[in-house]
2 protein chains.
Amino acid sequence: MTRQRKTILEIIKTSNEHMTAEEIYLKAKKVMPSIAMGTVYRNLGLMTEAGEIRRIPIPDSPDRYDKSVKPHEHMVCQECGEVHDVFIDGLLEYLRQSTGAEITGYDLNLRFICENCRRKDTIQGHR
Amino acid sequence: MTRQRKTILEIIKTSNEHMTAEEIYLKAKKVMPSIAMGTVYRNLGLMTEAGEIRRIPIPDSPDRYDKSVKPHEHMVCQECGEVHDVFIDGLLEYLRQSTGAEITGYDLNLRFICENCRRKDTIQGHR
DNA sequence: ATACATGCAAAGAATTTGCAGCTTG
DNA sequence: CAAGCTGCAAATTCTTTGCATGTAT
């Protein structure tokens, strides 16, 4: 484990956001200005494969990285793009039963409007 | 509605596959050799917005286009990439209830191994 | 030492866009 | 004819990769 990998992992594990590779790169650069984008992507790939972090693909948006590897889902605000975690117990079982297929995994993105954006919308609506 | 849009729509509506933009482009080119990739993408975008067809984003794979606009899910074979349709009644309601959030929509990709690939795997396993 | 990781820069894949000219209603 | 669409090519965005050098064990 190199200095750069440790730095990247640290950034992810201490953040509560779901950051893009670029956001992680920028944070890493503050601590280690010589780090390269390629290094960030390579390490994100390796750590994802190793099961240390989780990669979250989101349609029409760069992938995010999640410090938590425990099964949970993601709600993406359709206005600001923020990603929230949400737990749905037994979802895999539900999907297997309702499809009747041996589902080996899935990607799920839920869309919603977060509190912040809902508030803004309301205010604008009243103008 | 132009000749090219009609051609593209026709290709999608008469196919049973879930084609990528490029596959659609190649089929269109056979009928109308002068058609441009940009035209295909533009029309796919317009027709998706208009609700005539559906766009299916799949992680690490180009988007596919679906002739059916009725709610249904997609199972992607993790070996060959083929996309199958599957209906899950009441899934949106289920997701709303189990998250407790006003889910406005979602993208779901189920992973599985299709019959063909399962067969191949078994044969290879016996060698 | 030696195996692997880095920085850099170039390449890649998928998709979008600017623009001048052509179609369609 | 006006509005919108096309073909072409260049541009964008996100991510991967080749390679010479550097680093960890």
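Sequence lines set the chain letters: A, B, ... in the order given, protein chains first and strands last, and positions in each chain run from 1.
Regarding Met47(A), its CE atom lies at a distance of 18 Å from the P atom of dC4(C), rounded to whole Å. Between the CE atom of Met1(A) and the P atom of dT23(D) there is a distance of 18 Å, rounded to whole Å. The CE atom of Met19(B) sits 17 Å away from the C1' atom of dA14(C) (whole-angstrom rounding). The CG atom of Asn43(B) sits 15 Å away from the P atom of dT17(C) (whole-angstrom rounding). Residue Lys6(A) contributes atom NZ, which lies 10 Å from atom P of dA24(D) at whole-angstrom precision. Across the protein-nucleic acid pair, Leu44(B) atom CG and dT16(C) atom C1' stand 13 Å apart, rounded to whole Å.
Within the 4.5 Å cutoff, side-chain heavy atoms of Leu91(A) are placed close to those of Tyr106(A). Looking only at side-chain heavy atoms (C-beta outward), Glu102(A) and Ile113(B) stay at 4.5 Å or farther from each other.
For Arg111(A), the salt bridge (Lys or Arg N to Asp or Glu O under 4.0 Å) test picks out Asp107(B), with sequence neighbours left out. Shown here are the salt bridge (Lys or Arg N to Asp or Glu O under 4.0 Å) partners of Glu93(A), two or more places apart in sequence or in another chain: Arg96(A).
Contact check, Gln4(B) against dG7(D): a side-chain N or O comes under 4.0 Å of OP1 or OP2. Taking side-chain N and O atoms only, Arg5(A) has a distance below 4.0 Å to OP1 or OP2 of dA5(C). Contact annotation: Thr2(B) does not reach the phosphate of dG4(D) (side-chain N/O to OP1 or OP2, under 4.0 Å). Residue Ser34(A) places at least one side-chain N or O closer than 4.0 Å to OP1 or OP2 of dG7(C).
Contacts between residues 74-81 of chain B and DNA chain C, defined by a heavy-atom separation under 4.0 Å, are absent.
Between the side chain of Lys67(B) and the backbone N or O of Ile12(B) there is no donor-acceptor pair closer than 3.5 Å.
Two end axes, each from the C1' atoms of five base pairs, can be drawn for the helix from dA1(C)-dT25(D) to dG25(C)-dC1(D); they diverge by 30°, to 10 degrees.
The aromatic rings of His74(A) and His18(A) stand perpendicular to each other, their planes meeting at an angle above 60°, with 30° marking the opposite boundary.
No more than 12 heavy atoms of other residues, nucleotides or ligands lie within 6.0 Å of CZ in Arg3(B), so this atom counts as exposed by the packing criterion. Applying the 6.0 Å contact sphere to CD of Gln78(B) captures more than 12 heavy atoms from other residues, nucleotides or ligands. Counted within 6.0 Å of NZ on Lys6(B), heavy atoms from surrounding residues, nucleotides or ligands total 12 or fewer; the atom is thus considered open.
Checked by atom type, the side-chain pair Glu23(B)/Tyr65(B) shows no donor-acceptor distance below 3.5 Å.
A residue-by-residue look at Pro33(A) and Leu46(A) shows that Leu46(A) has its nearest nucleotide of DNA chain C further toward the 5' end.
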Show me the side-chain donor-acceptor pairs of residues 28-39 of chain A shorter than 3.5 Å, one per line, residues at least two apart or across chains.
| from | atom 1 | to | atom 2 | distance (Å) |
| --- | --- | --- | --- | --- |
| Lys29(A) | NZ | Tyr25(A) | OH | 3.2 |
| Lys29(A) | NZ | Pro33(A) | O | 3.1 |

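Counting only heavy atoms from C-beta on, Ala36(A) has its side chain closest to dC8(C) among dC8(D), dC5(D), dC8(C).
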At a cut-off of 3.5 Å, list every protein nitrogen or oxygen paired with a nitrogen or oxygen from nucleotides 13-19 of chain D, distance to 0.1 Å.
| from | atom 1 | to | atom 2 | distance (Å) |
| --- | --- | --- | --- | --- |
| dT15(D) | OP1 | Asp63(A) | N | 3.2 |
| dT15(D) | OP1 | Asp63(A) | OD2 | 3.4 |
| dT15(D) | OP2 | Tyr41(A) | OH | 2.6 |
| dT15(D) | O5' | Tyr41(A) | OH | 3.4 |
| dG18(D) | O6 | Arg42(A) | NH1 | 3.2 |

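Partner of Asp66(B) under the side-chain hydrogen bond (donor to acceptor under 3.5 Å, both in side chains) criterion, out of Arg55(B), Arg54(B), His72(B): His72(B) alone.
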